[in-house]
Amino acid sequence: MRTFQQILEAAGYEARDYSPGFGERCLSVHLARPSDIGRFFADVLEAIDAEETDPAAHAFRRMRTDSLGKGTVAYFPGEKFQE
C-alpha cells in the first residue's frame with residue numbers, strides 16, 4: 001500500500017515538508033489558489049486505489065490550510081513528509 005505522500009505525488013502534487021508553527025513538521029502541498037481545493041480532492045480521489053481509501057480519508061479529516069499570500073498550503077498533521 002502506498003503512503004499518503006505517494007498518493008499525493010501520483011495525483012500530480014509536489015509533496016513538501018511544512019511546519020505550521022506548533023513544533024510539528026508534517027506533509028503538505030501548495031495550491032495556487034484557495035479555489036483549487038475542489039480540484040485537489042478530485043485529483044487525489046482519482047489517484048487512490050480501493051484499499052487506500054481509509055488512510056486518505058483519515059488524512060483529509062485532519063487536513064488544515066494556511067494562506068501564504070501566494071496561494072494556500074494544505075497540510076496534514078500526523079502525516080510525516082518523507083524525503
Test side-chain contact (heavy atoms from CB on, under 4.5 Å) applied to E9 and E14, step by step: CA-CA 6 Å; E9 291 168 347; E14 179 184 349; over 6 Å; no
So do the side chains of [X] and [Y] get within less than 4.5 Å of each other, counting heavy atoms only?
X: F40; Y: L45; answer: no
X: P20; Y: C26; answer: yes
X: T72; Y: D66; answer: no

Near R25 CZ, under 6.0 Å, is it more than 12 heavy atoms from other residues, nucleotides or ligands? yes
Can you name the nearest heavy-atom pair linking [X] to [Y], along with the distance?
X: R62; Y: R64; value: O-NH1, 3.0 Å
X: R2; Y: A10; value: NH1-CB, 3.3 Å
X: Q5; Y: Q82; value: OE1-N, 2.7 Å
X: I37; Y: M63; value: CD1-CE, 3.7 Å
X: D43; Y: A11; value: O-CB, 3.6 Å

Cationic N near anionic O, under 4.0 Å, R33 to D36: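 Answer for the salt bridge query: yes.
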Which class fits the ring pair F60 and F76: parallel under 30°, tilted 30 to 60°, perpendicular over 60°? perpendicular
According to a hydrophobic-cluster definition based on side-chain heavy atoms being under 4.5 Å apart (Ile, Leu, Val, Met, Phe, Trp, Tyr only), do Y13 and V73 belong together? no
Please determine whether side-chain contact (heavy atoms from CB on, under 4.5 Å) holds for the pair Y75 and L27, giving the CA-CA distance in whole Å, both sets of side-chain angles, and the decisive distance to 0.1 Å. CA-CA 6 Å; Y75 63 95; L27 175 64; over 6 Å; no
Give the C-alpha distance, both sets of side-chain angles, the deciding distance and a yes or no for ring-ring contact (aromatic ring centres under 6.0 Å, His included) between Y18 and F81. CA-CA 8 Å; Y18 185 70; F81 173 77; over 10 Å; no
Intermediate values then yes/no, side-chain contact (heavy atoms from CB on, under 4.5 Å), K80 and E24: CA-CA 9 Å; K80 301 294 181 194; E24 180 184 10; 4.1 Å; yes
Output, in order, the C-alpha distance, side-chain angles, deciding distance and verdict of side-chain contact (heavy atoms from CB on, under 4.5 Å) for E52 and I7. CA-CA 9 Å; E52 295 167 333; I7 293 168; 3.8 Å; yes
